[in-house]
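Accompanying notes for the structure given below.
Residue numbers begin at 1 in each chain, while the letters A, B, ... track the order of the sequences. In what follows, every heavy atom counts, from backbone to side chain, and hydrogens, waters and symmetry copies are set aside.
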Number of protein chains: 2
Amino acid sequence: MANQLSPLDQVFSALADPTRRAIVMRLCAGEASVGELADPFDMALPSFMKHIHVLETSGLVLSEKSGRVRTCRLSPDALLGAEDWFQRQRAIWEARLDRFEAYVTKLKKEKERAAAKRPSRTTKKKGSE
Amino acid sequence: MANQLSPLDQVFSALADPTRRAIVMRLCAGEASVGELADPFDMALPSFMKHIHVLETSGLVLSEKSGRVRTCRLSPDALLGAEDWFQRQRAIWEARLDRFEAYVTKLKKEKERAAAKRPSRTTKKKGSE
DNA sequence: TCTATAGTTAGCTTCATGGCTAACCAATTA
DNA sequence: TAATTGGTTAGCCATGAAGCTAACTATAGA
C-alpha cells in the first residue's frame with residue numbers, strides 16, 4: 001500500500017482527462033460549487049465527484065464545505081509546478097539546439113576555409129544543404 | 001473502436017508516468033537508441049517498448065530504424081502544445097486576479113470615502129483586513 | 001415539521017495500463 | 001555460415017480508472 005505517487009505524476013494524470021481539464025479551466029475563471037461545476041457534464045454526480053476528488057488529491061483543487069454546498073477553487077501552485085517542468089525541459093532542449101547550431105556553424109567555417117585553400121575543387125560539389 | 005483521444009489527453013497521460021517522463025528528459029539532451037534509453041531501467045524490454053510506443057503515439061517522440069537499431073528523438077511540438085495550455089490557463093487566472101484586485105481596491109476606496117463622510121464612527125471598527 | 005436540494009457512500013461492471021515471459025525476426029560480427 | 005545483438009510480436013495477468021445505480025445524510029426552505 002501507499003504507492004507514493006510523485007506530485008507530478010498526480011498532476012499530469014489528473015490533467016490527462018478532458019473532464020478534469022475542463023474543470024480546471026472553469027476554476028481558472030473563479031470558484032464554483034460542485035453542482036455548478038457538474039452542470040455542463042452529462043454524467044452521474046458520483047462519477048463527477050470522483051473527478052473532483054482526483055483533482056483534490058493531485059493538489060490542483062481545494063474545496064470547502066459550508067452548509068450543504070461544497071465550493072471548489074483552484075490552487076495555482078500545482079499548476080505552476082507542472083508548467084515549471086515544461087520550462088526546465090525546454091531550457092535543456094534549447095541549450096542543446098544552441099550547441100548544435102554552434103557546431104554546424106563551426107563545421108561550415110572549416111569547410112569554407114578548406115575550400116579557399118584549394119580553389120580548383122569548387123564549393124558546389126554535391127550540394128551544401 | 002478508435003476512441004479519438006485529443007492530443008492533449010495523450011500528451012498529459014504520456015507524461016503522467018515517471019518512466020516516460022524520464023525518457024522525455026533524456027531525449028531533451030539528444031537522440032538515443034532504444035537500448036541506450038532502456039539501460040537505466042530495471043524493466044523487460046517489451047515493457048519498455050510499450051512506453052516508447054505510448055510516447056510515439058502521443059506525438060512526443062519520433063523514431064527511425066536503420067539497420068537493427070531504432071533511434072528516438074524528441075518532437076518538441078507536442079511538448080510546446082502542452083506548455084501552451086498551461087500558459088493560457090495562467091493568463092486567464094492572472095486576469096481574474098487582476099480584476100479581483102481592482103475590485104478590492106475599489107471597495108477599499110469606497111469605504112474610505114464613506115468613513116470620511118461621517119468622522120464620528122472611526123475606521124478601525126472590526127478590523128479592515 | 002415536511003420536502004426538496006446538494007452531496008456522499010457503497011458496491012458493481014468494464015476496459016485500459018503496466019508489467020511479465022516466451023518465442024521470433026533481422027542485421028552484425030566472428 | 002553460425003552466433004550474437006537489438007528489437008519486435010503475441011499473449012497472459014493484476015491492478016486501477018471511469019462509469020453506473022441505489023440508498024443514505026444533512027442542510028435549507030415552505
- Task: Starting from C1' on D:dG11, measure out to CE on B:M49 and report it in whole angstrom.
- Result: 17 Å
- Task: Report the distance from atom CD of B:E64 to atom C1' of D:dT8, rounded to the nearest whole Å.
- Result: 18 Å
- Do the side chain of A:E94 and the main chain of A:A91 share a donor and acceptor less than 3.5 angstrom apart? no
- Message: Taking A:S33's backbone N and O only, do any of them form a donor-acceptor pair with A:E36's side chain (distance below 3.5 Å, no angle check)?
- Response: yes
- Task: Report yes if some heavy atom in the side chain of A:F48 is under 4.5 Å from a heavy atom in the side chain of A:D39; otherwise report no.
- Result: no
- Message: Can you measure A:I52 atom CD1 to D:dG19 atom P for me and round it to whole angstrom units?
- Response: 12 Å
- Whether each nucleotide of nucleotides 19-25 of chain C has a protein heavy atom under 4.0 Å at its base (B), only at its sugar-phosphate (S) or at neither (-) is summarised, 5' to 3', as BBBB---
- Query: Hey, does the side chain of A:Q10 reach the backbone of A:T57 with a donor-acceptor pair shorter than 3.5 angstrom?
  - Reply: yes
- Message: Could you tell me how far apart B:H53 (NE2) and D:dT9 (C1') are, to the nearest whole angstrom?
- Response: 12 Å
- Could you check how far CG of A:D9 sits from C1' of D:dA17, rounded to whole Å? 15 Å
- Task: Answer with base, sugar-phosphate or nothing: what part of the nucleic acid does A:S13 contact at a heavy-atom distance below 4.0 Å?
- Result: nothing
- Message: Looking at B:A14, is its backbone amide N or carbonyl O close enough to the side chain of B:R20 to form a donor-acceptor pair, meaning the two atoms are under 3.5 Å apart?
- Response: yes
- Message: Is it the case that the base of C:dA6 and the side chain of A:R68 share a donor-acceptor contact (distance under 3.5 Å, atom types as modelled)?
- Response: no
- Message: Do B:R96 and B:W93 form a cation-pi contact, if we require the NZ or CZ to be under 6.0 Å from the six-membered ring centre and within 45 degrees of the ring's axis?
- Response: yes
- Task: Calculate the interatomic distance between A:D39 atom CG and C:dG7 atom P; express it in whole Å.
- Result: 11 Å
